[in-house]
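Heads up: the structure comes next, in structure tokens.
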Amino acid sequence: MSAQPPATPGPTGRRRAGAATAPGAAGASGGAGASGGAGAAGAAGASGGAGAAGASGAAGASGASGGAGAAGGAGAAGVTSGTGGAGAVGVTSGTGGASVTPTTGVADGGTGMHDPDHLGASSAPGSASELTGTLRLLRLAARRDRVVLPVWIVTLAVLWMASIASIAGLYGEATARVQYAVTVAPNVVARAFEGPIFGTSLGAVLMTETFGVFAVLTGVMSLQAVVRHTRLEEETGRAELVGSAVVGRYAALTAALLLTFGTNLLLGTVVTLLLLAYGLPAGGAILVGLLLMGVGWSFAAVAAITAQVAGSARGANGMAGAVLGLAYFLRAVGDGLGEGAPSGVAVISAWPSWVSPIGWGQQARAFADERWWVLGLFAGLVVACVWAAFVLTRHRDVGVGMRPVRAGPATASRGLRSPVGLAWRLQRPAVVGWTTGLLLAAGVFGAIGDEVDAFLETSDELAELFAGLVESGELVDLFVVFLMGLLAVAVGAFAVQGVLRLRSEELSGRVEPLLSTAIGRARWVASHMVVMLVATTSMLLLIGATSGAAFGLVTGEWGERFWGWVLAGLVSLPAVWVLAGVVVLAVGVLPRWAAAIGWGAIGASLVMGQMGALFDLPQWVLNISPFTHVPAVPAEDLEWLPVLVLLAVAAALTAAGVVALRRRDLVT
Amino acid sequence: MTSTPAIHVAGLTKTFGPVTALDHFHLDVATGEVHGFLGPNGAGKSTTIRILLGLLRRDSGEVVLLGGDPWQDAVQLHRRLAYVPGDVHLWPNLTGGEAIDLLGELRGGLDRQRRAELIERFRLDPTKRCSTYSKGNRQKVAIIAAFASPVELYLLDEPTSGLDPLMDTVFQACVRDVVGRGSTVLLSSHILAEVEALSDRITIIRDGRQVESGTLAELRHLTRTAITVQTRSALAGLHHLDGVHDAEVEGTRARFEVEPDAMATVQRWLADREVVALTSSPPTLQQLFLRHYGQRLTDAEVADDPDGGDPATGGSAEVAETWR
């Protein structure tokens, strides 16, 4: 992989998950949502995550990867506890940054080195000086991300290894691969959920099964890294301090991009080496590494733009996340709308796949009739986006987005003048974003529910997974249980994000003026819990209804079937609340680890609850997940005991968390 | 001043891991007074105030706030007090006006008319989002929210940091206003002029300990008057007088400092030598303050800062010692 494209930053690219949290299938959605916070993030995360989870569920191999992804997400989250955490670390690094570059000589060296990459694009006059300090900032960024980025790369590498091993095990036989290909190619659901297939080689099957998921994860990693080192820096005021030193106008953005590009280069290299190690053809292995890198670079470049346009770091993450979600969605639509090739073992995707960088990665047909020229699309997109970002940088003030901040009301409305009003105001964007994304997913899934039989034929593993959920029942019922369980975990991710708001409010110091009024800590927690309870209830109700309605529209089956969908959603609520309770307890007892624990719980729920059957985990392990105990409505009758027990556990965890929170010092 | 103190803190100790933020700290604030709370950065002012607010929990010691326990009775007590932090963090997507209303309402309601009046006086645009406010403007939001609430006690933690001098004046007027209506103010600051202008009594904190407390007059008593004098007769022997410090005598001209108790004697002594010209600078809090923290200067910086070793620091080490 020595012949990689330009821009090889010296220091190891690593980034902290500051904003980021939880990569991994549905975990990924949580991550995007967490940092994005803004609605769009939720939406993007939700659709991307759901898609990813769907894909991973489809076969044992990527089922494993999805599960591990979630677990990996926990790991990444563990590194830093949420957005706010950035502050503490950043202060030190920020100060370091201030002392940056007393000598221009060093900085100019940096400029010279990186000039070809970005300057060509920026076409700015006197651009050499505008890049002054880039190298120093790059080292600062690499140093700050020295834990997070390695965790991402290692996690992704482990997932790749698991996927390769699993696919090699399942489809080692040529006949098995041919059978797989002939089932996937003509099936709309399989194409949309898993990805297009272009041949019967082991590598081709691997690409179909895994590339979409890894593309999403790589995108999340990349966009968060760029926003973290640009907009978030501005928001914390550190960029101002750094910018007052001998640092050029473009230095920060360039450093962020170089770090992210370098990280992706490393990731691509690792993936290529892994593929080679498993004996896959060198050409395909190199292409896949480059494609993954291309996806990462693309979303880094997209984030470079959203970081200029959005009103805040959260907003920038959210916008870029929405683009990522859209990219995944478009390729799913394009592949779904496509048709089987005459060979019977390949797909000709429709145009929407070609509007998506994730789609490009698949359309390059690695390990089949490889189209290397697709790499040019990535190059074009990256150059265009980076150029646009640099142009935007010139026209933007530090700390402000392109969109002017509108004036607002001079007085608070009646609704805002209470803790609950404030909590709703703070969580509203996330609620709207997550709801939009999840409803979109719910609608799509509901609409294809009637094709589930055909879908299940593509994978014995998925059939086994379904069978593991309940002892018996109609296939459609099983699909409802599976899907609603999955969406409920996504709602759980929203709940975790919502409750973690307690922690970010504390870390940001905003809770200090609030708690110095006549609002006690218990009431403060309660205000956010009320919003969480109402939002999760509405979301699951709407999700069930949307899926049910979409299913009804397609199949004409309403009545009991529709209510089955709705009930399957609602019955998961207590499990969602248990997760929220876990986070409250964590905020009370182990505040520093609250974010890690919250996202870890989501990852674990996904692994144990949804994918557990695939892994043959012992029952007692599965029992740890609250979702394991959710009655399998509508495949089985509604049992009240587990529901009540879950409610009690949720209440107890929350109460314990409040008690602990009332006993500890607040971070001030 | 009534007999029940608004704040009574005795033997208060608070540690953060290995760091002792407050070490048997004492503070008494009488009802109806403006109490200046002086100390350099990191002395423990904010920690004290956060313990008074029940945001932090004390390790040991006695803390009584408005007759209650700030940790146990936080909510009830908070209805009767208002707080302005030194570094105000607000919700970026709320407007200043919304934040004022929210904080006021959560405190138990605010005086709408007073709110409007304060917004006018502080020249705050309440329709702007908090994310677009400068530090000074965020500070104004908290100050307006606090003063628009008619409460018994105002806890102000370096409230004017970031305010321009004009707004400083408005702020001082507000403090006088609420005190005139019988409220108590604890004003933490490191701006001596502000404390001097407003405070009835002052407590000085250093390294988590109280080093001085008293009325302005009492504290002034501890400081010296600086005198420059020209006489007809030679001033030899001046520096032997009791209560005279740092005397620089050049024939008939001298510069020195004198303790309040020695003033009368020194005046008579000077009068005997026929004073031609005399200027005296009144004792300021500045000197007192410098003296408390001057020791650090003497230890660390005086060597390479001749001006730092001026009168205030000369005798400060010993004085500070006796105050321990």
Side-chain angles (χ1 to χ4, degrees), chain A residues 37-38 84 87 235 237 311-315 397 399-401 404-423 425-429 501 504-524 527 662-668, chain B residues 14 16 46-47 49-57 71 74-85 87-109 112 115-116 119 124-132 135 141-142 145-146 149 155 157:
Chain A
E235 216 159 88
S312 66
R314 269 169 191 268
D397 297 332
V400 214
V405 184
R406 282 165 301 147
T411 54
S413 63
R414 197 153 290 284
L416 180 61
R417 295 185 200 174
S418 68
V420 175
L422 176 65
R425 179 73 174 267
L426 296 177
Q427 305 226 20
R428 191 171 58 193
R501 186 86 201 199
S504 63
E505 286 290 291
E506 181 186 354
L507 282 174
S508 65
R510 290 191 288 261
V511 79
E512 201 181 334
L514 196 68
L515 290 186
S516 67
T517 68
I519 302 304
R521 297 183 190 189
R523 224 181 128 194
W524 171 57
S527 68
R662 290 176 69 173
R663 296 180 62 84
R664 74 170 170 86
D665 285 349
L666 289 180
V667 176
T668 50
Chain B
K14 174 71 188 177
F16 297 105
S46 295
T47 304
I49 289 179
R50 282 166 183 158
I51 289 174
L52 291 175
L53 283 168
L55 296 172
L56 299 179
R57 192 172 199 166
W71 181 267
V75 173
Q76 292 88 320
L77 292 175
H78 289 179
R79 285 185 218 286
R80 299 162 59 194
L81 63 82
Y83 166 56
V84 177
D87 197 359
V88 181
H89 298 279
L90 297 166
W91 302 274
N93 50 351
L94 263 61
T95 64
E98 286 179 319
I100 291 171
D101 283 350
L102 177 69
L103 291 173
E105 207 67 43
L106 298 184
R107 199 172 278 135
R112 307 300 306 175
R115 174 191 186 275
I119 285 180
L124 179 80
D125 179 353
T127 65
K128 278 188 163 180
R129 305 275 166 193
C130 291
S131 57
T132 63
K135 170 161 169 50
V141 168
S149 308
L155 296 175
D157 189 359

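By convention in this document, chain letters (A, B, ...) are assigned in the order of the sequence lines, proteins followed by strands, and residues within each chain are numbered from 1.
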**OP:** Please state whether the side chain, the backbone, both or neither of Arg662(A) comes within less than 4.5 Å of a heavy atom of chain B.
**Re:**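 Contact with chain B: backbone only.
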Subject >> Between OG on residue Ser516(A) and CZ on residue Arg107(B), distance to nearest 0.5 Å >> reply: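 If we round to the nearest 0.5 Å, Ser516(A):OG and Arg107(B):CZ are 5.5 Å apart.
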Original post:
In Å and rounded to the nearest 0.5 Å, what is the CG to CD1 distance from Asp665(A) to Ile51(B)?
Top reply: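 Those atoms lie 8.0 Å apart.
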Original post:
Any side-chain heavy atom of Asn93(B) within less than 4.5 Å of one from Arg428(A)?
Top reply: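 Side chain of Asn93(B) against side chain of Arg428(A), heavy atoms only: no contact under 4.5 Å found.
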**OP:** Could you check if a side-chain atom of Trp524(A) sits within less than 4.5 angstrom of a side-chain atom of Leu106(B), using non-hydrogen atoms only?
**Re:**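 Side-chain contact under 4.5 Å: no.
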Segment of [X] engaging chain A (4.5 angstrom heavy-atom cut-off):
X         : result
Leu94(B)  : both
Leu103(B) : both
Glu98(B)  : both

Check whether [X] reaches the backbone of [Y] with its side chain - one donor and one acceptor, N or O, closer than 3.5 Å.
X         : Y         : result
His78(B)  : Leu515(A) : yes
Arg510(A) : Pro92(B)  : no
Arg664(A) : Arg57(B)  : no
Thr95(B)  : Pro409(A) : yes

Subject >> Sole candidate of Asp101(B), Thr127(B), Ile100(B) that passes side chain to side chain contact (heavy atoms under 4.5 Å, CB included) when paired with Thr411(A) >> reply: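 Single pass found, and it is Asp101(B).
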Subject >> Between Gln76(B), Glu105(B), Arg115(B), Lys128(B), the one whose heavy-atom pairs under 4.5 Å with chain A are most numerous >> reply: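 Ranked by contacts with chain A, first place is Glu105(B).
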Subject >> Arg663(A) CZ: over 12 foreign heavy atoms closer than 6.0 Å >> reply: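 No.
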Subject >> Nearest heavy-atom neighbours spanning Ala518(A) and Arg79(B) >> reply: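 Heavy atoms only, the tightest pair is CB-CG, 3.5 Å.
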